[in-house]
Amino acid sequence: MSETMEFCKSGGCTAKLGPGILSRVLSRLPKGTQDDNLLVGYDSNDDAAVYRIDENTAMVQTLDFFPPMVEDPYIFGQIAAANALSDIFAMGGQVKTALNIVCFPESMDLSILGEIMRGGAEKVMEAGGILAGGHSIQDADVKYGLSVTGLVCPDRIYTNHQGQPGDCLILTKKLGVGIVCCASRVGAASQKAFAEAIESMTTLNRYAAELLSDYEVHACTDVTGFGFLGHLHEMMAATKTALIYGDQIPYIQEAYEYAEEFLLTAAAQRNRNHLESHVDFQDIPFPLQELLYDPQTSGGLLVAVPPSEANQLLQSMKAHGIPAEMVGEILPFQNKEIIVTRSKLI
Amino acid sequence: MITINAVGDICPVPVVKAKEAIQTLGGNGIVEILVDNDIAVQNLCKMAEQKGYGVSFLQQEDRIYKVTFTVGDLEMIQEVPAAVMPSAKKNTVIVISSDKMGEGNPELGTVLLKGFLYALSKQESLPSTILFYNGGAKLTTEGSDSIEDLQDMEKAGVKIYTCGTCLNYYELTDHLKVGEITNMYTILELMSSADLLIRP
């Protein structure tokens, strides 16, 4: 099984470049001619680029790929695809076409690649899209993902920074998949926890996103490599403050225990380094802090909705089996972007 | 003290290795762990902070960091790690390149060097190494008046090395009374790694 050992190193969204490094590079890129039809570019740290085609149609484009975070290639393919497709849903779009992105060592068993791509193809179909092609290169390590194109109505785009004070924040998946995968790499994760993490990572955000279409959505993003707090930070955009209720955070139970055992990724520490000046933890225990910084692979949607609709949306999600919780609210800007309290009552 | 190598290991492996080592201490002791990136250092320090261990780190050459955990009651620990008390000892190397100290009257020079080595042996903080070469080789061999002082220092942990080529040249190889024979590579290495080089 030496091949599977090589197959999985430190993958998923933990492989992302740190947020600090990335923003330094992006801020130095030359800007081309401005095009008013580019509705969302990388300036706003959003999930995907949106380009207006006509009054009623805009194209949503995204791509995502990473090294394996699980040993099973078929499951890895599903997770990588679910993660890439998620950005379209986080923008309020519908998936249309997807292209495979593959890096694969020539010496490795090709059936592994077949399993990865089978997992990916199934998720593209489930997302309502068509797998239309792809590109593969030979590389020392396995990496897989998708370039996805979707469509969205220009006035139904969910950007990530237009939440308003008073809005409720809903998170649609449990946190802790990064920690569970990390524990699993050193043989410390229980089967039950690992199964729950895989179930979560292979679940498309399509179902949560479809429920959103009946509600007024002010902002939406998906929680991935920068962790819950990293994506919340992008959502606040230095103009609002998020008040987070510590006791309402959904997480995989065992992940809390593994965090207590310090089975933590390097990416979580990078997230902490980048974000800690924006976060005020009010008596929050260490394991919960780590869950909030934990890089998520194929994490859930984080949605800002008006309080008048929040409860109904939450109930509807729960009724559809989505493990969503109301995790906080948006306040006018206080001295910090993010305040985490132990519970809503305090 | 337990030393673990976690160079090349991806998080959380360094933390897992450190925890295993700390467990084998049985309550009190010191664990040193080598890692190759600052994020691993931070994750190790985070663990120490939560667990209430003493922790310090030093960046060594080539992006290698040494993280030192002090677990339990410090007074119960016999060893004192270099990383916890970094300024405790400088690496001082003394070079004796002649059998005389200073220029001028040769008789006086011989007396001065004897006095120097005697005074050195009485210092509270001893050097880590004394190197003898060329005429200095006469000080570590039969007939030297400083043998006792040098033997005292050797017992106290001072390394004493005499140049092998020099012993050969003066035909003193069989008459070495204190310390070990060494070569030019070691001499150069010891001199270049010294924090303080003293040549009387």
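A, B, ... follow the sequence lines: proteins, then strands. Residue 1 opens every chain.
With a threshold of 4.5 angstrom between heavy atoms, A:Q289 does not approach chain B through any atom at all.
The number of heavy atoms from other shown groups lying within 6.0 Å of OH (A:Y256) is above 12. Within a 6.0 Å radius of CD in B:E148, other residues, nucleotides and ligands contribute 12 heavy atoms or fewer.
For residues 106-114 of chain B, an interface with chain A (any heavy-atom pair closer than 4.5 Å) does not exist.
With sequence neighbours left out, the salt bridge (charged side-chain N to carboxylate O under 4.0 Å, His left out) criterion links B:K19 to A:E261. By the side chain to side chain donor-acceptor pair (under 3.5 Å) test, A:Y144 pairs with A:N100, sequence neighbours left out.
For the atom pair CD1 of B:I10 and OG1 of A:T265, the computed distance is 11.5 Å after rounding to the nearest 0.5 Å.
Proximity of A:R272 to B:K46: side-chain heavy atoms (C-beta onward) are separated by under 4.5 Å at one or more points. In this structure the side chain of A:F262 reaches within 4.5 angstrom of the side chain of B:K51, judged on heavy atoms.
The list of disulfide (SG to SG under 2.5 Å) pairs with a residue in residues 28-65 of chain B, not counting sequence neighbours, is empty.
Across every non-hydrogen atom of A:N273 and B:I39, the tightest pair is ND2-CD1, 3.7 Å. Shown here for A:R185 and B:P12, the closest heavy-atom pair between the two residues is NH2-CD, 4.3 Å.
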